[in-house]
Chemist: 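This is the structure I want to talk about, given as structure tokens.
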Amino acid sequence: MKDILAELNPAQKEAVEAINGPVLILAGPGSGKTRVITHRVAYLMRVVGIKPHNILAVTFTNKAAREMESRLNALVGEQVKNLTLGTFHAICARILRRDGQAIGIDPKFVIYDDDDQISLLKKSLQQLGLDPKQYAPRALQSVISNAKSQMLTPSDFSRKGRSYFEEITQRVYERYEKLITASSALDFDDLLGKVVELFRKSPETLLRYQSRYLHVQVDEFQDTNLVQYELIKQLAGKYRNICVVGDPDQSIYSWRSADVRNILNFEKDFPDAKVVLLEQNYRSTKLILEAASGVISANRQRKEKGLWTENEVGFPVSVIETYTEQEEAQYVVNEIDNLVRRGEVKPGDCAVMYRTNAQSRVLEEAFIRYGTPYKLVAGTRFYERREVKDVVAYLRLIQNPLDSVSLLRIINVPQRGIGQQSLDELSRWAGAQGVTEYRALQLLAESKDTSAALPFTARTVKALTGFAVMLENLIGKKQDLNTVELFDLLIENIGYKKYLEAMPDGEERWENTLELRGVAQDYRDLSPQEGLSAFLESVALVSDVDSLVEKSDTVTLITLHQAKGLEFPVVFIVGMEDGILPHFKSIDDPTQLEEERRLCYVGITRAGKRIYLVRAFRRHLMGASTVNRPSRFLRDIPSQLIAKNSTEESGAGLATAMEKRQEPLIPVDLPEFKAGEHVKHGVFGEGVVVSYQKKGHDAEVTVAFEGAGVKRFLVSFAKIERV
DNA sequence: CGAAAGGCTCTTTTT
DNA sequence: GAGCCTTTCG
């Protein structure tokens with residue numbers, strides 16, 4: 001029992017033991033936040049004697065939830081199973097599935113992701129006779145999502161706005177709501193908002209949940225939006241045992257309506273809240289922490305925190321300039337290779353982080369070229385692949401035939417002669433009769449008479465009817481088949497394998513389909529209804545970032561956003577340029593710029609031992625070649641913390657970064673070179689040695705390359721061989 | 001109706 | 001550079 005508290009520092013202990021009433025834990029990076037959360041829950045269970053059934057722990061991502069689960073499992077064992085532990089969205093989906101009917105939610109509801117939302121918005125625009133070019137669906141989606149995150153209905157919205165665009169948005173929003181309701185679907189924002197609505201309209205439902213959850217715990221509180229905060233307040237409303245953990249400096253989701261002010265408001269809403277600060281960092285070296293502090297302290301809207309560490313001083317921050325993004329990638333792979341060969345680190349200790357997913361491609365190419373294994377977190381997302389989405393759409397449709405987005409998506413996949421013309425006609429025809437497309441199909445299939453009242457050609461009627469019959473048949477079978485059986489029947493019925501194999505990358509697509517089938521297998525033991533529903537829910541709410549827990553010892557490629565909450569001994573942040581980080585879309589807005597800075601801070605603080613900040617002088621962006629200035633954030637790192645290669649200053653190559661290295665290398669046999677010798681470099685190709693000079697444990701060699709000009713390297717560092 | 005080609009735009013981060 | 005949309009042709 002005591003061991004739960006034994007491994008904690010005083011602040012952590014305080015946070016764990018403060019179990020009565022509201023608690024706000026402000027946790028700096030690497031301060032043992034997860035440890036505090038898990039130990040707190042364990043403490044509640046093992047010491048205080050709270051049943052796991054009565055504890056709610058909410059996280060922001062599935063990954064965080066799983067991490068917590070496994071750590072708790074180590075502390076309290078099997079009992080973890082009885083906790084309510086999950087993401088906001090997953091927990092809300094469960095609540096709505098069970099109790100949503102009280103506010104008219106179809107328990108068979110499907111969940112619309114962003115893509116589906118866009119489709120529905122396009123449909124809304126079409127119905128309103130608005131031009132999608134003039135009113136970009138993406139922009140509308142973002143505005144509407146934002147409104148929903150603040151619990152603004154379309155009518156609230158109109159009260160708020162007067163501009164023409166807002167008026168249009170309101171009309172689209174209204175229409176969108178009609179359509180999504182008719183489809184028995186909920187979007188991500190609805191999952192949260194509808195629960196809040198449910199709790200407001202049905203106090204007895206709320207009371208049931210309130211009474212159950214004696215303790216409520218929320219992670220990454222700085223990333224919650226208004227709805228989420230409201231939801232937490234509702235749930236904790238009875239016992240007020242609510243513990244939130246967060247760090248305002250790591251708030252990087254305001255674009256998704258996250259509102260840091262929730263942290264400030266927490267202290268207002270719960271004036272008796274106990275505030276605990278976790279300021280000791282266990283992760284990073286002193287220099288890394290100082291560099292990170294330098295970056296973040298330039299933010300004006302911020303509470304100063306006193307982060308400190310007892311860790312060693314460590315290596316200086318490496319600031320590297322390369323010429324192009326290819327060279328940047330090569331530098332990274334090469335450097336990782338060096339570190340690994342020196343035995344300093346394992347590949348799995350290294351991560352390469354970037355602002356935008358697009359940057360991953362060049363990196364991948366370099367890793368492939370060097371034969372260095374890597375794992376890419378969420379590249380082309382599995383669940384966003386066409387073939388996967390199509391099958392999922394079919395299954396959703398079987399579960400909920402009202403789902404019009406799915407219907408329209410697959411009605412002609414594989415092609416069955418139902419083109420745009422016919423579809424428009426179908427929509428119009430359905431609309432005229434005030435029924436959904438699905439119902440219209442049914443009517444069509446039922447009416448044997450081929451009267452001229454129908455606006456379709458005989459061929460089209462046949463195609464539509466054929467589709468309706470097949471779908472009907474599948475729906476009829478869903479009671480009797482488990483998810484995999486249904487999956488197989490579906491694939492068979494629509495001839496999916498043949499269809500896929502006929503297209504480019506057909507094999508890969510088919511393999512993806514089989515992979516999806518593998519996921520379905522996890523649900524085979526549930527009852528048919530439950531299985532399908534659970535399968536679809538997990539597909540909707542689980543991103544593939546989460547599935548990436550692999551133990552394999554390889555380098556991680558990851559966006560800065562996804563990296564939050566992770567840590568690696570060695571971190572490379574690439575694209576340290578104005579326009580990339582900070583992103584050019586955010587550069588002119590001081591508030592957004594501060595968020596970019598926090599993002600940079602998050603990246604740096606992921607590192608334990610070494611941090612490399614890499615940039616390219618010239619880079620291809622949107623097709624064109626651009627020259628970017630160094631990231632302004634680099635200027636906020638005190639120069640005495642930095643070791644840099646400086647192409648500008650000395651004309652030297654990639655490697656001089658290590659000249660200021662403080663600690664000696666693990667001794668290795670360094671090759672010696674003489675002037676005039678022909679050598680080969682991993683990046684620059686062949687060249688001739690100009691000079692060679694011993695320097696302490698290392699040596700410096702200057703090489704004139706055929707293509708790349710004269711470069712200077714440290715021998716231990718660069719990949720140079722005699723030819 | 002459907003496949004192919006050409007032209008357009010807009011590029012962030014994700015549950 | 002990619003994805004989306006439109007146009008064109010069979």
Side-chain angles (χ1 to χ4, degrees), chain A residues 58-65 86-93 111-115 117-119 122 131-134 136-139 141-142 145 148-149 186-192 220 223-225 227-228 251-258 353-362 377-378 380-381 383-384 386 412-423 425 456-457 459-460 463 502-504 537-546 558-564 575 579-587 592 595-596 598-600 602-603 619-626:
Chain A
V58 192
T59 62
F60 201 66
T61 65
N62 292 291
K63 192 164 46 168
T87 64
F88 274 103
H89 293 88
I91 288 169
C92 286
I111 299 169
Y112 278 0
D113 67 12
D114 291 13
D115 257 16
Q117 258 186 305
I118 298 278
S119 304
K122 283 183 188 159
D131 180 5
K133 274 192 188 140
Q134 211 167 348
R138 283 239 155 265
Q141 189 237 5
S142 144
S145 169
K148 286 189 172 193
S149 303
L186 299 175
D187 59 35
F188 283 138
D189 298 308
D190 289 336
L191 290 177
L192 310 167
E220 305 284 15
D223 288 331
T224 52
N225 63 28
V227 182
Q228 288 163 326
S251 157
I252 53 174
Y253 285 104
S254 73
W255 52 275
R256 232 176 63 192
S257 310
M353 302 178 183
Y354 36 84
R355 175 66 234 265
T356 66
N357 274 306
Q359 290 170 260
S360 69
R361 223 181 103 196
V362 182
V377 177
T380 26
R381 302 138 166 290
Y383 289 111
E384 276 168 28
R386 240 252 282 328
N412 201 31
V413 177
Q415 297 89 309
R416 22 178 100 82
I418 305 171
Q420 199 53 51
Q421 209 79 27
S422 313
L423 274 185
E425 210 54 64
F456 308 107
T457 64
R459 198 172 61 173
T460 308
M503 42 203 307
E537 197 150 307
S538 88
V539 168
L541 296 178
V542 175
S543 66
D544 22 29
V545 189
D546 309 313
I558 192 168
T559 66
L560 286 162
H561 281 88
Q562 292 167 337
K564 193 176 60 150
I580 304 283
L581 182 66
H583 195 269
F584 71 93
K585 276 252 179 176
S586 306
I587 225 160
Q592 288 187 50
E595 180 144 318
E596 296 288 313
R598 291 193 290 272
L599 195 52
C600 183
V602 166
R619 168 184 309 271
H620 288 277
L621 270 177
M622 304 172 218
S625 174
T626 55

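By convention in this document, chain letters (A, B, ...) are assigned in the order of the sequence lines, proteins followed by strands, and residues within each chain are numbered from 1. Side chains are part of it too, since the values below use all heavy atoms of this structure and drop only hydrogens, waters and symmetry mates. Remember, predicted model here, so these are calculated numbers, not experimental data.
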Chemist: Considering only side-chain heavy atoms of A:Q562, which listed nucleotide, C:dC5, B:dT14, B:dT15, is closest?
Modeler: B:dT14
Chemist: Determine the minimum heavy-atom distance between A:I587 and A:G579, stating which atoms define it.
Modeler: CD1-N, 3.7 Å
Chemist: Base, sugar-phosphate, or nothing: which does A:E595 touch, judged by heavy atoms less than 4.0 Å apart?
Modeler: nothing
Chemist: Contact class for A:Y253 vs. all strands (heavy atom < 4.0 Å): base, sugar-phosphate, or nothing?
Modeler: sugar-phosphate
Chemist: Which part of the nucleic acid, if any, lies within reach of A:K122 when heavy atoms closer than 4.0 Å are counted: base, sugar-phosphate only, or nothing?
Modeler: sugar-phosphate
Chemist: Work out which heavy atom in A:E596 is nearest to a heavy atom in A:S586; give both atom names and the distance.
Modeler: OE2-OG, 3.2 Å
Chemist: Please state how far atom NZ in A:K133 lies from atom P in B:dC8, giving the value in whole angstrom units.
Modeler: 10 Å
Chemist: Is A:N412 close enough to B:dG2 that one of its side-chain N or O atoms is under 4.0 Å from OP1 or OP2 there?
Modeler: yes
Chemist: Once you apply a heavy-atom cut-off of 4.0 Å, does A:F88 come out as touching a base, just sugar-phosphate, or nothing?
Modeler: nothing
Chemist: State, to 0.1 Å, how close A:A93 and A:I111 come at their nearest heavy-atom pair, and which atoms those are.
Modeler: CB-CD1, 4.5 Å
Chemist: Using a heavy-atom cut-off of under 4.0 Å over every strand shown, decide if A:R361 touches base, sugar-phosphate, or nothing.
Modeler: sugar-phosphate
Chemist: Tell me: CZ of A:R138 to P of B:dC10, nearest whole Å?
Modeler: 12 Å
Chemist: Do A:K148 and A:D190 have side-chain heavy atoms sitting under 4.5 Å apart?
Modeler: yes
Chemist: Does OP1 or OP2 of B:dT13 have a side-chain N or O of A:N357 closer than 4.0 Å?
Modeler: yes
Chemist: At less than 3.5 Å, do the side-chain atoms of A:H561 and the base atoms of B:dT13 form a donor-acceptor pair?
Modeler: yes
Chemist: Please report, rounded to the nearest Å, how far the P atom of C:dC4 is from the CG atom of A:D115.
Modeler: 8 Å
Chemist: Check this one for me: any side-chain N or O of A:T559 less than 4.0 Å away from OP1 or OP2 of B:dT14?
Modeler: yes
Chemist: Please measure how far the P atom in B:dT13 lies from the corresponding atom in C:dC4, and state the result in whole Å.
Modeler: 15 Å
Chemist: Test side-chain contact (heavy atoms from CB on, under 4.5 Å) on A:L581 and A:L560; report intermediate values, then the result.
Modeler: CA-CA 10 Å; A:L581 182 66; A:L560 286 162; 3.8 Å; yes
Chemist: Could you state the CG-P distance from A:L599 to B:dT13, rounded to the nearest angstrom?
Modeler: 11 Å
Chemist: Rounded to the nearest angstrom, tell me the gap between atom CG in A:L186 and atom P in B:dT15.
Modeler: 19 Å
Chemist: Extract the stems that DNA chain B is part of, considering only consecutive pairing runs of at least three Watson-Crick or G-U wobble pairs, both distances under 3.5 Å.
Modeler: B:1-10 with C:1-10
Chemist: Mind calculating the distance between CD (A:Q592) and C1' (B:dT13) to the nearest angstrom?
Modeler: 11 Å
Chemist: So is A:K564 actually on top of A:F60's ring, under 6.0 Å and inside 45° of the axis?
Modeler: yes
Chemist: Whether the A:T356 and A:Q359 side chains hold a donor-acceptor pair (N or O, under 3.5 Å, no angle test) is what I'd like checked.
Modeler: yes
Chemist: Can a donor-acceptor pair under 3.5 Å be found between the side-chain atoms of A:W255 and the base atoms of B:dT12?
Modeler: no
Chemist: For nucleotides 7-10 of chain C, list the nitrogen or oxygen atoms of the protein found under 3.5 Å from its nitrogen or oxygen atoms, one pair per line.
Modeler:
none

Chemist: Are any side-chain N or O atoms of A:R355 and backbone N or O atoms of A:I580, one a donor and one an acceptor, separated by less than 3.5 Å?
Modeler: no
Chemist: Send over the distance from A:H620 NE2 to C:dA2 C1', rounded to a whole Å.
Modeler: 16 Å
Chemist: Holding to ring pair (Phe, Tyr, Trp, His ring centres under 6.0 Å), I want the full list of residues that pass it with A:F188, two or more places apart in sequence or in another chain.
Modeler: A:H89
